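Some notes on the structure that comes next.
Worth saying up front: this structure is predicted, and the values here are computed from it rather than measured. Here is how names work: the chains are called A, B, and so on, in the same order as the sequence lines, proteins then strands, and each is numbered from 1. Side chains are part of it too, since the values below use all heavy atoms of this structure and drop only hydrogens, waters and symmetry mates.
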Amino acid sequence: MPELPEVETVVRTLAPHLRGRRIVSAAFTSRFVTPGNRRALARRVAGRRIESVRRRGKFIVIELDRGTLAVHLGMTGKLLMDGMSGEHTHAVFTLDSGVLLYDDPRQFGRIEWCPARVARLGPEPLEIGLEEFIARLRRHKARLKPLLLNQAFLAGLGNIYVDESLFTGGIHPLAIASRLSAPRAARLYQAMRDVIRLAIEHRGSSISDYVDADGNRGEFQLLHRVYGREGEPCIECGALIRKIVVAQRGTHYCPKCQKR
DNA sequence: ATCGGTACCTGCACGC
DNA sequence: TGCGTGCAGGTACCGA
C-alpha cells in the first residue's frame, strides 16, 4: 500500500493525536509484525512519553522520551487512531488519551525498536538536490525502475510513484541510470518531485484499502496517468499504455512518450 | 554491482 | 457454488 505520500499523510494525521501522549500499555500479537520478544517490546514502550512523530522514507518514526519506535506499513498496514480492532489487528497502544491500533492483513509491515534499516536509507526525494541526484544516477549502471525502487538509493518511492515519475519525466523504465543525459536526469528529478508533492496534496493513493490515521482515503489514484491503466490510451499521445514485468513488479509505461 | 528467483502472508478477482 | 491460479502499494536473501 503505502509509499512516501501515503506514509507522509499518515504521519500528518497521526502526529496531532500522539504528540505529548503517554503510552500506558502496549500489546503485540503477531510474530511477523513484531519479530523477536513481543513482551519485552511491550515492556520497553510502556510508560514512555511520545515526543514526536515523523517520516523517514516509508518508515513512521516515533520518538519516545527513551528510545525510538519505527513502524513500516508493508503492503497493507494501517495505523488507526481510536479505530475498531478486528481480526487483523496486531498491535494495540493504550494511551493516556485514546487508543492507537496497528492493522495489517498481510503482515508484511513491522513494528521495531530502533531498527538499523532506517539508518541505511538513501536521501529523501524532496530533500536531495539536483546535482547530487544526477551524481548518484551516474554511479549506477542499473535500470531506472529497480534503482528508483531501491530504498538505499532514494528513500520513499514505491511501485506507483516510480511508474508515475518515469512517465511524467518521459523516461523508459529500462533506461540505464548512468547513461541518462543531464537534461533527461533533470526532467526525471523535476517529475519525481512534482508527482510526490501532488500526491501528498491529494493525501496519497487509495487503490484498495489504504486509509490515513483517521480512517480517510486518499484521492491521488484518480490522477494516476499510467499506473493501473494498461490497455487504456495515454493521456498525452493516445498510444495504449503497456504493462511489463521489471524486477518482479508490474511496470506501466507509454511506449510512445517513454523512449529508451 | 546488478539481476532473477524465491520467500514472507492474506485477500480478491478471475476462469473453469 | 467451489476450486485453483495469479496478482497486489513491501522488503530480504540467495546464487549467478
Identified pairing partner of B:dG11, criterion: Watson-Crick or G-U wobble below 3.5 Å: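 Its partner is C:dC7 (Watson-Crick or G-U wobble, both distances under 3.5 Å).
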Selection from [options] that lies nearest to any side-chain heavy atom of [X]:
X	options	result
A:Phe108	B:dC8, B:dT2, C:dT11	B:dC8
A:Ser205	C:dG9, B:dC9, B:dC3	C:dG9
A:Arg31	B:dG4, C:dG10, B:dC9	B:dC9
A:Pro105	B:dG11, B:dC9, B:dC3	B:dG11

If I pick the [atom1] atom on [M] and the same atom on [N], what distance separates them, to the nearest angstrom?
N	M	atom1	answer
C:dG9	B:dC3	C1'	23 Å
B:dC9	C:dC3	P	23 Å
C:dT1	B:dT10	P	25 Å

Whole angstrom is fine here: how far is it from [atom1] in [X] over to [atom2] in [N]?
X	N	atom1	atom2	result
A:Arg249	C:dA8	CZ	P	8 Å
A:Leu174	B:dT2	CG	P	15 Å
A:Leu144	B:dA1	CG	C1'	15 Å
A:Leu154	C:dT11	CG	P	12 Å
A:Asp104	B:dC8	CG	C1'	12 Å
A:Tyr210	C:dG9	OH	C1'	11 Å
A:Leu73	B:dT10	CG	P	18 Å
A:Ile176	B:dT2	CD1	P	10 Å

Using a 4.0 Å heavy-atom cut-off across all strands, classify [X] as base, sugar-phosphate, or nothing.
X	result
A:Tyr227	sugar-phosphate
A:Ser178	nothing
A:Arg117	sugar-phosphate
A:Lys145	nothing

Side chains of A:Asp103 and A:Thr89: donor-acceptor distance under 3.5 Å anywhere?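 The criterion, which ignores hydrogens and geometry beyond distance, is satisfied for A:Thr89 and A:Asp103.
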In terms of side-chain heavy atoms, does A:Gln107 have a donor or acceptor partner in A:Ser30 at a distance below 3.5 Å?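 Yes, side-chain donor-acceptor contact under 3.5 Å.
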A:His90-A:Phe28 aromatic ring centre distance below 6.0 Å: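 They do not qualify: ring centres at least 6.0 Å apart.
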With respect to the phosphate group of [N], does any side-chain polar atom (N or O) of [X] fall under 4.0 Å of OP1 or OP2?
X	N	answer
A:His72	C:dT11	yes
A:Gln248	B:dG5	yes
A:Lys58	C:dG9	no
A:His224	C:dG9	no
A:Lys141	B:dC3	no

base_contact_polar (C:dG10 base, A:Gln151 side chain, donor-acceptor, <3.5 Å):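 No, no donor-acceptor pair under 3.5 Å.
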For A:Lys78 against A:Leu73, the heavy-atom pair lying closest together: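 What the structure gives for the nearest pair is N-CD2, 4.1 Å.
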For the pair A:His224 and A:Tyr161, name the ring-plane relationship: parallel under 30°, tilted 30 to 60°, perpendicular over 60°.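 Rings of A:His224 and A:Tyr161: perpendicular, over 60°.
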Side-chain donor or acceptor of A:Arg110 paired with backbone N/O of A:Phe32 under 3.5 Å: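 A pair under 3.5 Å: yes.
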